[in-house]
Amino acid sequence: MSKTIDTMNYIRLALIVLVASMSLACSGNRDSVYFVSQPYTLVDNIQSESKSPDRSVAGGENYNAMDAVVKDGLCVFYTPTDFPTYFSILDLATGEHKGEFGVKGNGPLEAPYFSILHELYSDGGNIKALVEDTMKDCCLVCNVTKTIEQQTPIYDTILPYNWRAFGRVPSFSAAINGDETFVVFNSIPDHELRRVVTPKVGVVSRSKQAFISEFPIFCDSVVDVAHIGKWDISMPFSLKCAMSPSRDKVAIGMVYLPQINLLNIATGDLKCIRIKGADKVDLNCENYYYASVQCDDDFVYTLCMNTTNVPVEELDKHSGELHIFDWNGNLVKRWKFGKFYNKISIDSGKLYAFKFYSGTIDEYIL
């Protein structure tokens, strides 16, 4: 190869060769340089409806929260700074602080680090949370209802969970049953070796400490380039996920690609969806798409940023949209928010939208 070809062109050429070599393994419409393996379907766009909050919720301003999840009128904030616990509970009706769990420390039932809470669920009439102590290789099932009643953290179960056996900590996990958990292990960039391991998506058995099924969203497991243009190659592999209450389906939004993936974990059926007009990826632009995904057994609710070349520090100047899909991949509703949010959560026919750190919580009637 000519010495006049600069490093960037060399990387691009290497990608072209690599993509060509994978053409038999990956067919259909795809952004091949991002190694998305499945063909995607374009769905018709629909007119967006401007939407204002039906109510602003008080109380969130008391927490320097980095994440939030809602269930049965309670909001659990992720509060890793300024609080002695990782999780704080707020009553959305009254704005009252109801309790906390996930104590920071090294003592019994304490942890130096708890992962972000992915969901709350109902079990035996109680609200529960599966939280991951990644330093001690275990999961704890917190009984949120009893924690509020007794004003001390109550854990029903402690589950051994050796994430180190997989070489990395999951970016998303949700229990399917007593032994099985759906997990997404996010990409691990190694800039020294110029290698990135793409996410592993599948079902892990706790008893076996191994994958018992995997789902092929991505073509390759290892990519041997550090970046394309101004993009870090790991960025397109970032995923936002939610599991249906029936525990048989998962909605997967892609942060840097305009794609929603609807996965039936019982059958392995995977639908990849893009909206007409937002179906291409420009390697010269840094676009942000699906920042948050929630679902129930009927619909998938997605917070779409749809911004182009906006620095991360300026994202909060842009308002996002709510895209609602059915599980067949049809876009059924599109809202235009008048303000910026980081996260959405759905509960009993209502949608709660959050702006982290500010304490903003807005309620929308679905």
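Heads up: numbering here begins at 1 and tracks the sequence. Quick caveat, the model's predicted, so the values are computed rather than measured. In what follows, every heavy atom counts, from backbone to side chain, and hydrogens, waters and symmetry copies are set aside.
Phe114 and Val103 end up in different hydrophobic clusters when Ile, Leu, Val, Met, Phe, Trp and Tyr side chains are linked at under 4.5 Å. If you chain together hydrophobic residues whose side chains sit under 4.5 Å apart, Val57 and Ile346 never meet in one group. Criterion: ILVMFWY side-chain heavy atoms under 4.5 Å apart, direct or through other members. Under it, Tyr357 and Tyr288 are not part of a common hydrophobic cluster. A chain of hydrophobic side-chain contacts below 4.5 Å, direct or via other Ile, Leu, Val, Met, Phe, Trp or Tyr residues, connects Ile148 to Leu140. Phe356 and Val76 fall within the same hydrophobic cluster, where Ile, Leu, Val, Met, Phe, Trp and Tyr residues are linked whenever their side-chain heavy atoms come under 4.5 Å apart, directly or through other members.
Not a single donor-acceptor pair under 3.5 Å links the side chain of Asn264 to the backbone N or O of Gly268. In this structure, Arg334 contributes its side chain and Ile46 its backbone to a donor-acceptor pair below 3.5 Å. Checked by atom type and distance alone, the side chain of Asp82 never pairs as donor or acceptor with a backbone atom of Asn64 at under 3.5 Å. Here the side chain of Asn306 pairs no donor or acceptor atom with the backbone of Tyr289 at under 3.5 angstrom. Side chain of Lys104 to main chain of Pro80: a donor-acceptor pair is present (N/O by atom type, distance under 3.5 Å, no hydrogens or angles). Distance alone, capped at 3.5 Å, places no donor-acceptor pair between the Gln150 side chain and the Thr147 backbone. With Glu110 contributing its side chain and Pro108 its backbone, the two residues share no donor-acceptor pair below 3.5 Å. Looking only at distances, no side-chain donor or acceptor of Asn261 sits under 3.5 Å from a matching main-chain atom of Cys272. At least one donor-acceptor pair under 3.5 Å links the side chain of Ser205 to the backbone N or O of Lys208.
Legend: residues meeting ring pair (Phe, Tyr, Trp, His ring centres under 6.0 Å) with Tyr63, ordered by chain and number and at least two apart, are Phe77, Phe83, His97. Residues that satisfy the ring pair (Phe, Tyr, Trp, His ring centres under 6.0 Å) test with Phe172, not counting sequence neighbours, are His118.
Closest non-hydrogen pair, Val69 versus Leu117, comes out as CG2-O, 3.4 Å. Counting all heavy atoms, side chain and backbone alike, Ile252 lies closest to Val201 at CD1-CG1, 4.3 Å. Among all heavy-atom pairs drawn from Tyr78 and Ser115, the shortest one is CE1-O, 3.7 Å. Taking every heavy atom of both residues into account, Cys139 and Glu132 meet most closely at SG-CG, 3.9 Å. Of all heavy-atom pairs spanning Ala251 and Cys295, the tightest one is CB-CB, 4.5 Å. Looking at every heavy atom in both residues, Trp327 comes nearest to Ser244 through CZ2-CB, 4.2 Å.
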Practice item. For side-chain contact (heavy atoms from CB on, under 4.5 Å), just list the numbers for Phe101 and Val144, CA-CA rounded to whole Å, side-chain angles, deciding distance to a tenth of an Å, and then say yes or no. Key: CA-CA 8 Å; Phe101 60 97; Val144 177; 4.2 Å; yes

Practice item. List the steps, then state whether side-chain contact (heavy atoms from CB on, under 4.5 Å) holds for Val300 with Leu262. Key: CA-CA 9 Å; Val300 174; Leu262 307 179; 3.9 Å; yes

Review point. Between Ser171 and Phe185, does a side-chain contact (heavy atoms from CB on, under 4.5 Å) hold up when you go through it step by step?
Key: CA-CA 6 Å; Ser171 59; Phe185 291 104; over 6 Å; no

Practice item. Output, in order, the C-alpha distance, side-chain angles, deciding distance and verdict of side-chain contact (heavy atoms from CB on, under 4.5 Å) for Ile344 and Tyr352. Key: CA-CA 6 Å; Ile344 57 172; Tyr352 293 90; over 6 Å; no

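Annotation: side chain of Ser319 is not in contact with side chain of Phe340 (no heavy-atom distance under 4.5 Å). Side chains of Leu42 and Ile275 form no contact here, defined as non-hydrogen atoms less than 4.5 Å apart. Using a 4.5 Å heavy-atom cutoff, the side chains of Ser173 and Phe182 are not in contact. The shortest distance between side-chain heavy atoms of Ser292 and Tyr301 does not fall below 4.5 Å. For the pair Leu322/Tyr364, no side-chain contact is recorded, criterion being any heavy-atom separation below 4.5 Å from C-beta on. Residues Val255 and Leu239 are not in side-chain contact: their nearest non-hydrogen atoms beyond the backbone lie 4.5 Å or more apart. At a threshold of 4.5 Å between non-hydrogen side-chain atoms, the residues Phe354 and Thr360 do not count as touching. Using a 4.5 Å cut-off on side-chain heavy atoms (C-beta onward), Met254 and Tyr290 make no contact.
Here Asp179 does not pair with Arg206 in a salt bridge; the nearest charged N to carboxylate O distance is not below 4.0 Å. Using a cut-off of 4.0 Å between Lys/Arg side-chain N and Asp/Glu carboxylate O, Glu119 and Arg247 are scored as salt-bridged. The pair Lys71-Asp347 does not meet the salt-bridge criterion, since no charged nitrogen lies less than 4.0 angstrom from a carboxylate oxygen.
Residues Tyr341 and Asp362 bring a donor and an acceptor atom of their side chains to less than 3.5 Å of each other. Side chain to side chain, Asp133 and Tyr113 fail the donor-acceptor criterion of an N or O pair below 3.5 Å. When only modelled atom types and interatomic distance are considered, Thr267 and Asp269 share no side-chain donor-acceptor pair under 3.5 Å. Between the side chains of Asp123 and Tyr121, no donor-acceptor pair of N or O atoms lies under 3.5 Å.
Note that the CD atom of Gln47 and the NZ atom of Lys336 stand 11.5 Å from one another [nearest 0.5 Å]. Rounded to the nearest 0.5 angstrom, Asn126 CG and Thr145 OG1 are separated by 4.5 Å. Taking CG of Asn342 as the start and CE of Met66 as the end, the distance is 10.0 Å to the nearest 0.5 Å. In this structure, the separation between CD on Glu321 and CZ on Phe337 is 9.0 Å, given to the nearest 0.5 Å. Leu331 CG to Thr302 OG1: the interatomic distance, rounded to the nearest 0.5 Å, is 8.0 Å. From Ile273, atom CD1 reaches atom CG of Asp326 across 9.0 Å, with rounding to the nearest 0.5 Å.
Summarising the local packing, NZ of Lys240 is surrounded by 12 or fewer heavy atoms from other residues, nucleotides or ligands at distances under 6.0 Å.
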Under 3.5 Å, sequence neighbours excluded: what are the donor-acceptor pairs made by side chains of residues 86-95?
from, atom 1, to, atom 2, distance (Å)
Tyr86, OH, Pro112, O, 2.6
Ser88, OG, Thr79, OG1, 3.3
Asp91, OD1, Ala93, N, 2.8
Asp91, OD1, Thr94, N, 3.3
Thr94, OG1, Glu96, N, 3.2

